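Working notes, structure below.
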2 protein chains.
Amino acid sequence: MAGQTIGRIAAAADCKVQTVRYYESIGLLPEPVRSPGNQRLYGAATVERLRFIRHARALAFPIDAIRDLLSLADRPDQPCDAVDSIARTQLLEVEQRIDRLTALKTELERMIAQCSGGHIANCRVIESLGDHDLCVTDHGEEGGLGPPQR
Amino acid sequence: MAGQTIGRIAAAADCKVQTVRYYESIGLLPEPVRSPGNQRLYGAATVERLRFIRHARALAFPIDAIRDLLSLADRPDQPCDAVDSIARTQLLEVEQRIDRLTALKTELERMIAQCSGGHIANCRVIESLGDHDLCVTDHGEEGGLGPPQR
DNA sequence: CTTGCACCTGCAGTCGCTGAAGGTTCTAGC
DNA sequence: GCTAGAACCTTCAGCGACTGCAGGTGCAAG
């Protein structure tokens with residue numbers, strides 16, 4: 001088993017080749033062995049690791065949380081409280097983002113509903129954007145204010 | 001009316017001083033007049049403009065959409081269809097983000113619920129992260145895969 | 001007149017990639 | 001064996017929307 005090339009494992013994990021190299025550069029993936037011509041060659045374990053990372057990213061876990069999850073996954077005899085806690089934290093984050101976006105949705109719907117289709121001088125959308133006090137919800141910050149938590 | 005300093009208008013719009021300078025640098029705010037000592041001085045119109053921008057950002061409009069909205073707001077005699085359309089697009093984006101996050105939430109809840117509190121070797125959370133096929137929803141991409149649309 | 005805060009410019013860093021430039025290696029077909 | 005072209009290599013810059021810092025200047029109060 002000679003190992004897979006970077007292109008193959010990127011395809012297997014549905015990501016770009018550069019992304020694999022990026023993960024290696026930040027220490028999420030180990031440095032692989034190289035072919036005589038200096039090309040990276042990966043074993044099955046690294047492919048699995050990459051798929052794990054990609055799935056966690058698709059679930060919006062931040063890289064640092066994934067780093068923690070990976071080091072936990074490497075100690076199968078440990079209790080899984082820590083894993084649970086990371087996942088619960090992530091669930092909370094996602095729920096908070098949904099809540100904030102739902103407030104935005106409400107506000108946008110209200111603004112749009114008030115528009116009677118006239119001219120910009122009387123446009124409720126423009127007016128609402130100019131005056132936060134017209135808002136009914138407390139859509140605090142989502143949309144870039146503060147760290148994005150992607 | 002001598003004009004407000006940058007610190008005052010930043011406070012009035014609930015943002016950082018640097019952010020105001022940033023908006024100027026990307027052309028969202030006009031270059032203000034300067035005091036004899038080279039400090040920016042703003043009139044009431046710019047303060048309003050800044051508040052408009054901040055509110056639109058709080059509603060997650062991208063900067064480019066805000067640029068369009070501002071130039072529309074400057075032509076009060078135009079029909080407001082274009083404004084409406086930008087707002088509807090934004091509403092759609094927000095709804096799509098909510099949908100994607102809801103799928104993530106479902107998946108996270110499922111993973112967490114399956115965890116029986118044992119050891120990592122049997123941890124369902126770890127296992128689920130390693131195998132995308134265990135997912136019940138099609139949580140495509142939200143969490144950094146693709147442009148963030150903040 | 002001094003203290004200390006607010007302001008100035010310019011640049012680096014954030015997060016998680018993505019793209020491009022410019023070069024090397026591998027593989028398939030002839 | 002040879003050649004074309006795909007896939008690989010390294011390095012660096014850029015995205016969005018800010019934020020922070022360093023090193024310097026202006027200004028207002030006591």
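It should be emphasised that the depicted structure is a prediction, and the values quoted were computed from it without experimental measurement. In what follows, chains carry the letters A, B, and so on, assigned in the order in which the sequence lines appear, proteins first and then strands, with residues in each chain numbered from 1.
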Tell me which of B:Arg21 and A:Asp64 sits closer to the 5' end of DNA chain C, going by the nucleotide each one is nearest to. B:Arg21

So which pairs with a foot in [range] pass salt bridge (charged side-chain N to carboxylate O under 4.0 Å, His left out), sequence neighbours left out?
{"range": "residues 26-42 of chain B", "result": "B:Glu24-B:Arg40"}
{"range": "residues 114-131 of chain B", "result": "B:Arg124-B:Glu127"}
{"range": "residues 101-120 of chain B", "result": "A:Glu95-B:Lys105, B:Lys105-B:Glu109, B:Glu107-B:Arg110"}

Assign A:Arg40 to base, sugar-phosphate, or nothing according to its heavy-atom contacts below 4.0 angstrom with the strands shown. sugar-phosphate

Under a 4.5 Å side-chain heavy-atom rule over Ile, Leu, Val, Met, Phe, Trp and Tyr, are A:Leu41 and A:Val47 clustered together?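 As far as the 4.5 Å side-chain criterion goes, A:Val47 and A:Leu41 are not connected within one cluster.
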
Considering only heavy side-chain atoms of A:Val17, the closest of D:dC8, C:dT18, D:dT19 is D:dC8

Using whole Å, report how far [atom1] of [X] lies from [atom2] of [N].
{"X": "A:Tyr42", "N": "D:dA7", "atom1": "OH", "atom2": "P", "value": "16 Å"}
{"X": "A:Arg34", "N": "D:dC8", "atom1": "CZ", "atom2": "P", "value": "12 Å"}
{"X": "A:Tyr22", "N": "D:dG14", "atom1": "OH", "atom2": "P", "value": "18 Å"}
{"X": "A:Ile63", "N": "C:dT18", "atom1": "CD1", "atom2": "P", "value": "11 Å"}
{"X": "B:Arg57", "N": "D:dT19", "atom1": "CZ", "atom2": "P", "value": "10 Å"}
{"X": "A:Gln18", "N": "D:dA7", "atom1": "CD", "atom2": "C1'", "value": "12 Å"}
{"X": "B:Leu29", "N": "D:dC18", "atom1": "CG", "atom2": "C1'", "value": "14 Å"}
{"X": "B:Ile26", "N": "D:dG14", "atom1": "CD1", "atom2": "C1'", "value": "16 Å"}

Taking DNA chain C as the partner, which of residues 6-16 of chain A come within under 4.0 angstrom of it by heavy atom?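 Nucleic-acid contacts, sorted: A:Lys16.
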
Pairwise N/O distances under 3.5 Å, protein to nucleotides 23-30 of chain D:
residue, atom, partner, partner atom, Å
D:dC27, OP1, B:Gly37, N, 3.3

Do A:Tyr23 and A:Arg54 meet the criterion of a side-chain donor-acceptor pair at a distance under 3.5 Å?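 Side chains of A:Tyr23 and A:Arg54: pair found under 3.5 Å.
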
CA sep, side-chain torsions, deciding dist, call: A:Cys80, B:Cys115, side chain to side chain contact (heavy atoms under 4.5 Å, CB included): CA-CA 8 Å; A:Cys80 67; B:Cys115 180; 3.4 Å; yes

Please name the pair of heavy atoms, one in A:Val83 and one in A:Leu69, separated by the smallest distance, quoted to 0.1 Å.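 The answer is CG1-CD2, 4.0 Å.
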
Restricting to non-hydrogen atoms, name the atom on A:Phe61 and the atom on B:Leu129 that form the minimum distance, rounded to 0.1 Å. CE1-CD2, 4.2 Å

Would you indicate, yes or no, if C:dC17 has its OP1 or OP2 atom less than 4.0 angstrom from a side-chain nitrogen or oxygen of A:Thr19?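 No.
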
B:Arg21: what forms a side chain to side chain donor-acceptor pair (under 3.5 Å) with it, not counting sequence neighbours?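 Here no residue qualifies.
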
